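One structure is given below, encoded as structure tokens.
Chain identifiers are assigned alphabetically (A, B, ...) following the order of the sequence lines, protein sequences preceding nucleic acid strands; residue numbering begins at 1 within each chain. Bear in mind the structure is a predicted one, so any value in this text is a computation, not a measurement. Just so you know, these numbers use all the heavy atoms, side chains as well, and skip hydrogens, waters and symmetry mates.
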Amino acid sequence: MSDLKSALGQAAASAFSALGLDPALGRVTLSDRPDLADFQCNGALAAARTAKRNPREIAAEIAQRLGGSPLVAAVEVAGPGFINLKASSTALSARANALFADPRTGAPMRATPRRVLIDYGGPNVAKEMHVGHLRASIIGESVKRLHRFLGDDTLGDAHFGDWGFQMGLLITACAEADSKVAATLEALNSAPEPSEPEIEAAIALFAAHIHLEDLDRLYPAAAARAKAETDYRDRARRATAELQSGAAGYRLIWRHFAGLTRAALERDFRALGIVFDLWRGESDVNDLIGPMVEELKAKGLAFEDQGALIIRVARNDDKRELPPLIVVSSEGSAMYGTTDLATVLDRKRLYEPDLVIYVVDQRQSDHFEQVFRAAELAGYAAPGQLVHVGFGTMNGVDGKPFKTREGGVLKLRDLIELGLAKSRERLAEAGLGGELDPEAFEATALKVAVAAIKFADLANFRGTSYVFDLDRFSSFEGKTGPYLLYQAVRIKSLLRRAAEDGGSLGPIAVAEPQERELVILLDAFPSAVEEAESKSAPNAIAEHVYRLAQAFARFYAACPVLSARPDERDSRLALAALTLRQMEIALDLLGLEAPERM
RNA sequence: GGCCCCGUAGCUCAACCGGAUAGAGCAUCCGCCUUCUAAGCGGACGGUUGCAGGUUCGAGUCCUGCCGGGGUCGCCA
């Protein structure tokens, strides 16, 4: 099944072909001038140059050939050679009925599915998520859903930051803060082989003494202190090294940290509709690093330079000077890039992905370029198999990364809580407090709040940085998430009433201008999906669903449904049901869900 | 300093391979609830697309230079 735009494009392509011109010129797009036409083709203008002919002349000949198509109600040449097309009502109606019959409402499906792994979110042990994590999480989630929807075999990996110096810091801080914890760690680390009861006792002690709040409190203080005091920093480094070489006590407390944090993180992620298939941690590739480094050395890729082990990744045709990837620092420790390289290897072995997409801050593009090139040199990945999808930063009004008025970071949980409070208030105003039971009320409030937060971000192109404005993230009017949900809810309400009145769905007969506009937008869904996929840009979906919601709102205002005569009513009901289905698919691609009422 | 990204309405952002009159939302102002949810709809106001050149029949989009902002440039992640 082809969308109307493509069908018109094909008709135009064969018209160009018949004139001995490149069929690619027949590309048809939505009209820039909706007052004049539904669609347009600009091919005659481009053709004029190569064919050395008057563009209007070419356009007229194309137009004449297109005029005979049953898809076209009117065709005319305008300006320097634009071909303006008005779709026939029968074509629009037929298209609407075809979309109605299609569970995917026209969306394409990949011919040859691939296995795609999406690396996103990037939460860390003991670091509570703040608004900066929002982009990575929701853009990544949307990119994942998009691939899954297209039929790819998709894996979302949180890529848990559970290893490295930060762990040593935490251990040091916890030991210092609690003498019982310190003693337990000491005893376990020095014991040649701790017994089961000893281990169980330690686990119980950690559980009783170290809570999430302790980590939140201790970690920032420890990090600050390590910067200021070399002695403290060295202690933390020693702890890190001992943990990595397997000290029993450190391993146990580290497990406790990770478990504690992960449970809290998963709660926050779930609230935002984000679910990972994998929680592979940086620790999982720890054992791969040693052999990998040996292999890299044996292959002659890694060699010593200024005391460190490096891989040169610069190329002759590089415009910029790309520094080498440092595999082992001069102090003998593995680096960020080492872990990432080992992760490439790990994923290759476990999942054999055709494509790995890293949804990570744009500022790390050089880092990923280094890692990807090193991975290619080592034979761990083919060119193009690893892709960095970067995103811009969330800035404050000063143009610097966002900070609260107190200078700290805004916790993600606080943002959600803020949105929830506003959402509850608004729902109560609408009188839903009495209609819904408390649980349904809360669930609805969460859907609305999450829609506000996520849409405010996803509506922006991922690559550009933007100014974080709290009001925008908790606004329910205009181009917002709640507006989208609201239109969906109106349709649900309409369909409920219709079911009571015995209305049935379809067939669709397009007549009114608002109906035409709605169907033309419904027809544009495949293009939006393709654009979003090719650019890994969820804002294309966001833009589409917003325009669709607007088109529905206009239709709703202009075209009575339930009070219309039966054939008209059933047509409009089907059109509304179709709109709802496409909206819900698109919302789901963004990670949003419409409630039943709001 | 080298390299990369950005500069669009008062504010926040869009703009499909270079196409017509550069679009939304917010804010401001004016209308619309005896009909399906007004979290809505219609209308008005608002622009030298940072500046200067160039390529082109045609430039927000491509090229050069300049100005302004951000990022990054070997042992943090």
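No engagement by A:D340 is indicated, since no non-hydrogen atom pair under 4.0 Å with the nucleic acid exists. Contact annotation for A:A78: base contact, defined as any heavy-atom pair under 4.0 Å involving a base atom. A:L169 comes within 4.0 angstrom of no nucleic acid atom, judged by non-hydrogen atoms across all strands. Counting any heavy atom pair closer than 4.0 Å across all strands shown, A:C41 reaches no nucleic acid atom. Using a 4.0 Å heavy-atom cutoff across all strands shown, A:V467 reaches sugar-phosphate atoms only and no base atom. Nucleic acid contact for A:Y483: sugar-phosphate only, since backbone atoms but no base atoms lie under 4.0 Å from a heavy atom of the residue. Residue contacts for A:A46: at a heavy-atom cut-off of 4.0 Å it reaches a base atom on one of the strands shown. A:Q40 comes within 4.0 angstrom of a base, heavy atoms only. At a threshold of 4.0 angstrom between heavy atoms, the contacts of A:E543 are confined to the sugar-phosphate backbone, with no base atom among them.
Of the two residues near RNA chain B, A:L36 and A:Y466, the one whose nearest nucleotide lies more 5' is A:Y466.
With hydrogens and angles disregarded, a donor-acceptor distance shorter than 3.5 Å links the side chain of A:T464 to the backbone of A:F461. Listed for the A:D162 side chain is no donor-acceptor partner under 3.5 Å among the backbone atoms of A:G281. Listed for the A:Q370 side chain is a donor-acceptor partner under 3.5 Å among the backbone atoms of A:P323.
Looking at A:R547 and A:E543, no side-chain N of the basic residue comes within less than 4.0 Å of a carboxylate O on the acidic one, giving no salt bridge. With respect to the salt-bridge test (charged N to carboxylate O, under 4.0 angstrom), the residues A:R462 and A:D457 do not qualify. Between A:E584 and A:K492 there is a salt bridge, with a side-chain nitrogen of the basic residue lying less than 4.0 Å from a carboxylate oxygen of the acidic one. Here A:R315 does not pair with A:D317 in a salt bridge; the nearest charged N to carboxylate O distance is not below 4.0 Å. With respect to A:R373 and A:E369, a salt bridge is recorded, a charged nitrogen being found less than 4.0 Å from a carboxylate O. Salt bridge present: A:R565 and A:E568 bring a charged side-chain N and a carboxylate O closer than 4.0 Å.
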For this session: Tell me, with the steps shown, if A:T240 and A:M167 meet side chain to side chain contact (heavy atoms under 4.5 Å, CB included).
Result: CA-CA 6 Å; A:T240 307; A:M167 296 302 107; 5.8 Å; no
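B:G46 and B:C41 are spaced 23 Å apart, taking the P atom of each and rounding to whole Å. For the C1' atoms, the distance linking B:C57 with B:C3 amounts to 37 Å, nearest Å. The gap from the C1' atom of B:G69 to that of B:C29 amounts to 34 Å, rounded to the nearest Å. The P atoms of B:U55 and B:C16 are separated by 25 Å, rounded to the nearest whole Å. Taking the P atom of each, B:C66 and B:G42 are spaced 47 Å apart, rounded to whole Å. To the nearest whole angstrom, the two C1' atoms, one in B:C51 and one in B:C45, are 28 Å apart. Taking atom P in both B:U28 and B:U34, one finds a spacing of 25 Å when rounded to whole Å. B:C62 and B:G18 have their C1' atoms separated by 8 Å, given to the nearest Å.
Using bins of under 30°, 30° to 60° and over 60° for the plane-to-plane angle, the ring pair A:F368/A:Y358 lands in the tilted bin. The aromatic rings of A:Y483 and A:Y546 sit tilted relative to each other, their planes meeting at an angle between 30° and 60°.
Per the geometry, CZ belonging to A:F39 stands 13 Å off C1' belonging to B:C16, to the nearest Å. Atom CG of A:L494 and atom C1' of B:U35 are 12 Å apart (whole Å). Summarising the geometry, the separation between CG on A:D361 and P on B:C6 is reported as 15 Å, rounded to the nearest angstrom. Per the geometry, CG belonging to A:D35 stands 14 Å off C1' belonging to B:G23, to the nearest Å. Distance CD (A:Q487) to P (B:C36): 15 Å, rounded to an integer number of Å.
Taking 4.0 angstrom as the limit, A:Q550 places a side-chain polar atom (N or O) nearer than this to OP1 or OP2 of B:G25. For A:S493, no side-chain nitrogen or oxygen approaches OP1 or OP2 of B:C36 to under 4.0 Å. When the side-chain nitrogen and oxygen atoms of A:R554 are compared with OP1 and OP2 of B:G42, one or more of them lie within a distance under 4.0 Å. The phosphate of B:A38 (OP1 or OP2) has a side-chain N or O of A:R490 nearer than 4.0 angstrom. Regarding contacts with the backbone of B:A39, a side-chain N or O of A:R426 is found under 4.0 angstrom from either OP1 or OP2. A:T464 has a side-chain polar atom (N or O) that falls below the 4.0 Å cut-off from OP1 or OP2 of B:A14.
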Seminar exercise, completed: Nucleotide by nucleotide, nucleotides 64-77 of chain B touches protein heavy atoms under 4.0 Å in the pattern (B base, S sugar-phosphate only, - none) ------SSS-BBSB
Seminar exercise, completed: The contact string for nucleotides 27-34 of chain B, one letter per nucleotide 5' to 3', using protein heavy atoms under 4.0 Å with B, S and - for base, sugar-phosphate only and none, comes out as --------
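A syn orientation is assigned to B:C17, its glycosidic angle lying within 90° of 0. Anti is the conformation of B:C16, whose glycosidic angle sits further than 90° from 0.
Remark: the A:R27 side chain and the B:C17 base include a donor-acceptor N/O pair separated by less than 3.5 Å. One cannot find a donor-acceptor pair under 3.5 Å joining the base of B:A15 and the side-chain atoms of A:D32.
In this structure, the aromatic ring of A:F82 is positioned over the six-membered ring of the base of B:A20, centres within 5.5 Å and planes within 30°.
Between A:H388 and A:F372, the distance from one ring center to the other does not fall under 6.0 angstrom.
Nearest heavy-atom pair across A:R56 and A:P80 is CG-O, 3.4 Å.
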Exercise. For RNA chain B, what is the dot-bracket line, given that a base pair needs Watson-Crick (N1 to N3, plus N6-O4 or O6-N4) or G-U wobble (N1-O2 and O6-N3) geometry with both distances under 3.5 Å, and | means paired with another strand?
Worked result: (((((((..((((.....[...)))).(((((.......))))).....(((((..]....))))))))))))....
